[in-house]
Amino acid sequence: MRRKFNVSIIGGGSTWTPGLLMSMCKMKDRFPINKLTMYDIVEDRQKVIGEFAKVLLREEYPEVNFSYTTSKEEAYKDVDFVFVQIRTGGYKMRELDEKIPLSLGVIGQETCGAGGFAYGLRSIGDMIEIINDVREYSKDAWILNYTNPAAIVAEALRRVFPDDKRILNICDQPVNLLRSYGRVLGRNAEEFEPVYFGLNHFGWFTNLYDGEGRDLLPELKEIINERGFIPVDAEQRDKSWLDTYAMVKDMVKDFPDYLPNTYLQYYYYPDYKLSKLNPDYTRANEVINGREKRVFEECARVAKAGTAKDCEMVHNDAHGEFIVEVAESIAFNKGRIYIVILENNGIISNIQEDAMVEVAAVLTANGPRPLAVGKIGTFYKGMMESQLAYEKLAVDAYFEGSYGKALQALTLNRTIVSAKKAREVLNALIEANKDYWPEFK
Ligand code: G6P
Ligand code: MN
């Protein structure tokens, strides 16, 4: 008989959870679940989504033994896979991460630049606690982590848990891009075999092979050059995301070697993007008034109606399906290729070994086996190394409680550059994050 797995979702009250649950239903033959537990520290948020889940699962996945809880023991005991997707400080703090830098004249973004730094220093402590708690109850569980900013979180976890080979940090943006390439090319993204290198939210596709080994990247670049670029789920996306995808055309024009991760727009064009961002209404506001509102309303409606058959949930298939596919590939030793975040150790031969890089890897029951990238060109190496130094210094700043390291980190970030600006933004962020950050010396 085929095995079934016990899964826990940490951050059960997230706006992403309903979409993830829908993906689990859709993929139940590929990744069969025995017990599913949702855990959150915010009880009332999770309750709304938990009650929706009960209705959805009763109709679509009745064999699952489902519950939601605020008890760590219940969430972490006897579990095979832990999916983590937390947001320390919630959207209220995301709003500040975006608005404080913008009010001082630098990029304000959830994971990039000063905003990402602030979010990173909030996430680290909670993530360490979660890993310790999971390990207390389930020492062999796979921990698949979506928590942002993934680059900083991954670096911190690498330092604290160097021997834990069952923590895997992932990001759905490369998959979003692969599926979008599929749409542009009129092909199924499942057949693509990508070659990719970089840091999280800071990488490039160098090749995109189809099933016959033909590289589709040159054709793709031509199409983007002529027609622009849109996400696979463009019809579901807010304007800011469409603007983000549109920037890929500009990036390919300036740096035509490879296809960039969309997040590079903030590092290539900080002044231009700054001029386009509204400091009074940021992505956080768009999410609070859009996805968050709609998801919670729809969950409550479904729970009340007692059926999810006509459910219209805001969701992102790539996000929900990717984490389930990763679990499937590990659980059944599928050996499929996915882009994940790993310690470099020579994958990119001219980048330092202890960098957490984002690359393609074969995912097996024994974990990821990365595909070699080799030597990268001077421009990409330079870009990566300054960003990597920023990430490492951000994590140093957290563990050492060092104002000096924090200032160095922000000064190295391409979205800031000026040390005077870095100091101003840092001081404002320290004030806003005093309930979350370590005491700085
Ligand atoms: C992409 C990134 C995630 C990020 C998300 C933000 O999926 O890979 O890391 O959290 O975008 O999306 P949002 O709709 O909340 O701005
Ligand atoms: Mn991401």
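This structure is a prediction, so every number in the text was calculated from the model and none was measured.
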> Below 4.0 angstrom, N of the basic side chain to O of the carboxylate: do Asp243 and Lys276 qualify?
no
> Give a yes-or-no answer on whether the side chains of Thr17 and Gln46 include a donor-acceptor pair shorter than 3.5 Å.
no
> Verify the distance criterion only: is there a donor paired with an acceptor across the side chains of Thr262 and Gln173 at less than 3.5 Å?
yes
> What verdict does the side chain to side chain donor-acceptor pair (under 3.5 Å) test give for Gln352 and Asp354, after you've listed the backbone C-alpha separation in whole Å, the side-chain angles of each residue and the deciding distance to 0.1 Å?
CA-CA 6 Å; Gln352 70 195 64; Asp354 64 355; 2.8 Å; yes
> May I ask you to say whether Arg283 pairs ionically with Glu286, meaning some side-chain N is under 4.0 Å from a carboxylate O?
yes
> Please name the residue in the list Phe5, Phe332, Phe322 that meets the ring-ring contact (aromatic ring centres under 6.0 Å, His included) test with Phe31.
Phe5
> Does either side chain, that of Asp317 or that of His319, offer a donor lying less than 3.5 Å from an acceptor on the other one?
no
> Is there a donor-acceptor contact under 3.5 Å from the side chain of Thr364 to the main chain of Gly367?
yes
> Just wondering, more than 12 heavy atoms not from Leu371 lying within 6.0 Å of its CG?
yes
> Do the side-chain N and O atoms of Glu325 and Tyr338 include a donor-acceptor pair separated by under 3.5 angstrom?
yes
> Under 3.5 Å, is there a donor-acceptor pair between the Asp257 and Tyr380 side chains?
yes
> Would you call Arg183-Glu235 a salt bridge at under 4.0 Å N-O?
yes
> Tell me whether the NZ or CZ atom of Arg291 lies within the 45° cone about the ring axis of Trp16 and under 6.0 Å from its centre.
yes
> Under 3.5 Å, is there a donor-acceptor pair linking the side chains of Gln387 and Tyr267?
yes
> Could you tell me whether a side-chain N or O of Lys99 sits under 3.5 Å from a main-chain N or O of Asp280, the two making a donor and an acceptor?
yes
> Looking at Glu343 and Ala355, would you say the former's side chain and the latter's main chain have a donor-acceptor pair under 3.5 Å?
no
> Does Asp435 come within less than 4.0 Å of Arg122, counting only side-chain N to carboxylate O?
no
> Does atom CZ of Arg423 have more than 12 heavy-atom neighbours from other groups under 6.0 Å away?
no
> In terms of heavy-atom contacts, does CZ of Arg369 have more than 12 from other residues, nucleotides or ligands at under 6.0 Å?
no
> Over all heavy atoms of both residues, which pair between Cys25 and Leu56 is shortest? Give the atoms and the distance, please.
SG-CD2, 4.0 Å
> When you look at Asn289 and Asn285, which way does the side chain to side chain donor-acceptor pair (under 3.5 Å) test go after all the steps?
CA-CA 6 Å; Asn289 299 325; Asn285 300 114; over 6 Å; no
> Less than 4.0 angstrom from a charged side-chain N to a carboxylate O is my criterion; do Arg45 and Glu292 meet it?
yes
> So, taking the atom named OG1 in Thr111 and the one named CD in Gln109, what distance separates them when rounded to the nearest 0.5 Å?
4.0 Å
> Grab the two heavy atoms, one from Leu104 and one from Lys421, that are nearest each other, plus how far apart they are.
O-CE, 3.2 Å
> Test your reading of the model: is there a side-chain donor-acceptor pair from Asn169 to the backbone of Ile341, 3.5 Å cut-off?
no
> Please confirm whether the ring centroid of Phe83 lies under 6.0 Å from the ring centroid of Tyr146.
no
> Test side chain to side chain donor-acceptor pair (under 3.5 Å) on Tyr91 and Thr15 and set out the steps.
CA-CA 11 Å; Tyr91 285 117; Thr15 56; 3.2 Å; yes
> Are the side chain of Asn6 and the backbone of Asp80 linked by a donor-acceptor contact shorter than 3.5 Å?
no
> Would you check if the side chain of Asp126 reaches a backbone N or O of Ile86 as a donor-acceptor pair within less than 3.5 Å?
no
> Please check: side-chain N/O of Thr415 versus main-chain N/O of Val106, any donor-acceptor pairing under 3.5 Å?
no
> Looking at Arg158 and Glu155, does any basic side-chain N land under 4.0 Å from a carboxylate oxygen?
yes
> Would you say Ile170 and Asn145 make side-chain contact, with heavy atoms under 4.5 Å?
no
> Considering residues, nucleotides and ligands other than Tyr272, do more than 12 of their heavy atoms fall under 6.0 Å from its OH?
no
> Without swapping roles, check the side chain of Trp142 against the backbone of Leu168 for a donor-acceptor pair under 3.5 Å.
no
> Could you check whether any side-chain N or O of Asn278 sits under 3.5 Å from a backbone N or O of Thr282, counting only pairs where one atom can act as donor and the other as acceptor?
no
> Run the side chain to side chain donor-acceptor pair (under 3.5 Å) check on Asn344 and Glu353 step by step: do they pass?
CA-CA 5 Å; Asn344 187 33; Glu353 301 218 321; over 6 Å; no
> Checking Asn200 against Tyr263: is there a side-chain donor and acceptor pair closer than 3.5 Å?
no
> Quick one: do Asp233 and Arg179 make a salt bridge, cutoff under 4.0 Å?
no
> Do any N or O atoms from the side chain of Ser329 and from the backbone of Arg336 form a donor-acceptor pair under 3.5 angstrom?
yes
> Please say which of Tyr196, Phe192, Phe229 ends up in a ring-ring contact (aromatic ring centres under 6.0 Å, His included) with Tyr181.
Phe229
> Show the nearest heavy-atom pair for residues Lys165 and Pro162, with the distance to one decimal.
NZ-O, 3.0 Å
